[in-house]
Visitor: 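Shown below is the structure under consideration.
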Amino acid sequence: MPLHLSASFAFELENTVDALLQFEAAPLADQHIHEANTSFSVGESIRRISGEDSIGERIWLRGQGLLEVDYSAKVALDRSPVALGQLDTVPMADLPAGAVRYLFDSRYCHPTEFVDFAADQFGAITKGAETVAAIHDWVASNLEYTPGASTAATTATDTFHAGHGICRDFAHLVVTLARACSIPARYVACYAPGVTPQDFHAVAQVYLRDPANGNAGAWHLVDATGMADPAETAIIGVGRDATDVSLATSFGPMRFVSSEIAVSHADSPKNKGKAQALDDDRAALT
């Protein structure tokens with residue numbers, strides 16, 4: 001069933017500022033974009049570039065004043081549910097170059113700090129997907145979803161010790177623990193109808209064997225918040241962590257004003273949310 005997406009958000013640009021935005025659902029083999037429209041209230045120049053791993057597009061915008069962005073799209077998803085427990089890891093030596101970089105430390109995710117913890121907590125598990133399931137369950141059981149609990153400086157390590165966070169923090173910790181277990185993992189910005197309160201959302205993806213392609217691997221969505229169903233998740237972009245796929249990265253003064261997000265099925269009421277504070281994906285603003 002298609003998803004209807006709409007996002008309206010605004011920033012105040014005090015001076016002429018360059019900003020890099022990413023908020024549109026990406027065209028993918030299992031995700032088809034229809035009736036997409038994007039408009040900007042200001043912009044001396046607007047240019048599109050490819051997102052990380054060639055998934056989606058980032059938009060360079062240069063402007064001043066009140067930047068208001070409106071986006072809408074219909075997204076048809078063809079993503080079959082996968083029983084992760086039946087999958088195994090891809091042997092390290094068989095990992096493709098595109099997956100290898102998702103084993104290492106990044107700005108918000110420091111798996112080298114969790115190697116001993118991961119070995120103690122998950123080391124007895126021999127099958128890759130069972131490890132991922134155990135990581136999902138550990139994060140879901142040990143973190144409390146708390147809106148406004150983190151900032152742009154919060155790392156997965158901070159979240160681990162604090163015991164609470166927002167969706168980006170859940171995703172960062174899943175990514176970090178998976179990497180500490182030698183499983184490639186990346187951060188995913190997305191839309192999903194089950195998110196409460198409705199906003200831009202973040203989940204993790206792990207690289208495991210693809211039963212349809214022998215020993216080859218594929219990326220599989222994991223959401224420890226429990227709010228996003230992979231079969232109903234519209235992916236915006238991916239990256240090492242929130243740095244690579246933030247809603248807006250500014251290279252000058254830029255103040256968040258507001259946002260309103262709506263995600264619904266074609267024949268159901270809109271799941272709509274309005275945000276007036278820096279939260280979720282927007283906490284990656286720099």
Side-chain angles (χ1 to χ4, degrees), residues 52-55 81-143 154-163 165 167-190 202-226 228 230 233 235 237-245:
E52 290 289 311
D53 291 351
S54 297
I55 294 177
V82 175
L84 290 182
Q86 299 175 8
L87 306 180
D88 206 345
T89 51
V90 176
M92 300 286 281
D94 293 336
L95 289 173
V100 170
R101 74 191 190 105
Y102 293 111
L103 291 168
F104 305 133
D105 285 24
S106 58
R107 177 178 175 181
Y108 292 108
C109 302
H110 306 120
T112 52
E113 298 178 2
F114 288 88
V115 171
D116 290 341
F117 172 82
D120 291 341
Q121 191 73 34
F122 312 114
I125 305 171
T126 58
K127 196 167 186 178
E130 292 177 359
T131 301
V132 171
I135 290 170
H136 169 282
D137 292 348
W138 189 93
V139 173
S141 298
N142 287 275
L143 289 192
T154 302
T155 67
T157 304
D158 299 328
T159 299
F160 176 84
H161 291 296
C167 63
R168 72 188 290 272
D169 305 310
F170 278 69
H172 280 156
L173 191 52
V174 170
V175 165
T176 299
L177 293 176
R179 292 179 189 171
C181 294
S182 300
I183 297 172
R186 63 190 185 185
Y187 179 97
V188 180
C190 60
V203 300
Q205 265 188 335
V206 295
Y207 193 78
L208 297 168
R209 277 186 174 169
D210 180 359
N213 292 302
N215 288 332
W219 290 101
H220 302 279
L221 294 168
V222 179
D223 183 13
T225 71
T233 297
I235 294 171
V238 304
R240 295 163 298 172
D241 53 35
T243 306
D244 291 336
V245 69

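Index from 1, following the sequence. The figures here come from the full heavy-atom set of this structure, side chains too, leaving out hydrogens, waters and symmetry mates. Given the structure is predicted, the values throughout are model-derived calculations rather than measurements.
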Visitor: Write down the atom of V90, the atom of G217, and the distance for their closest heavy-atom approach.
Guide: CG2-CA, 3.8 Å

Visitor: Which pair of heavy atoms, one from V139 and one from F170, lies closest together, and at what distance?
Guide: CG1-CD2, 3.9 Å

Visitor: Can you pull the side-chain hydrogen bond (donor to acceptor under 3.5 Å, both in side chains) pairs that have at least one residue in residues 112-121, sequence neighbours excluded?
Guide: D105-T112, E113-T157

Visitor: Less than 4.5 Å apart, side chain to side chain, heavy atoms only: is that true for R240 and Y187?
Guide: no

Visitor: With sequence neighbours excluded, what pairs up with F160 under the ring-ring contact (aromatic ring centres under 6.0 Å, His included) test?
Guide: F114, F117, W138

Visitor: Quick check: closest heavy atoms across I135 and C181, and the distance to 0.1 Å?
Guide: CD1-SG, 4.2 Å

Visitor: Can you list everything that forms a side-chain hydrogen bond (donor to acceptor under 3.5 Å, both in side chains) with T155? Sequence neighbours excluded, please.
Guide: D158

Visitor: What's the separation between atom OG1 in T131 and atom CG in L177, rounded to the nearest 0.5 Å?
Guide: 11.5 Å

Visitor: What pairs with S106 under side-chain hydrogen bond (donor to acceptor under 3.5 Å, both in side chains), at least two apart in sequence or on another chain?
Guide: R179, D241

Visitor: Side-chain contact, heavy-atom cut-off 4.5 Å: T176 with T159?
Guide: no

Visitor: Going from OH on Y207 to OG1 on T89, what distance comes out if it is rounded to the nearest 0.5 angstrom?
Guide: 12.0 Å

Visitor: Under the rule for side-chain hydrogen bond (donor to acceptor under 3.5 Å, both in side chains), what residues qualify as partners of R186, not counting sequence neighbours?
Guide: D53, Q205

Visitor: Over all heavy atoms of both residues, which pair between D223 and A228 is shortest? Give the atoms and the distance, please.
Guide: OD2-N, 2.8 Å

Visitor: If the condition is side-chain contact (heavy atoms from CB on, under 4.5 Å), which residues does L103 pass it with, not counting sequence neighbours?
Guide: M92, L95, P184

Visitor: What is the minimum heavy-atom distance between A156 and L173, and which atoms define it?
Guide: O-CD1, 3.8 Å

Visitor: Answer yes or no: is there a donor N or O on one side and an acceptor on the other, between the side chain of H220 and the main chain of P230, under 3.5 Å?
Guide: no

Visitor: Nearest heavy-atom pair of A218 and D210: which atoms, and what distance?
Guide: CB-CB, 3.7 Å

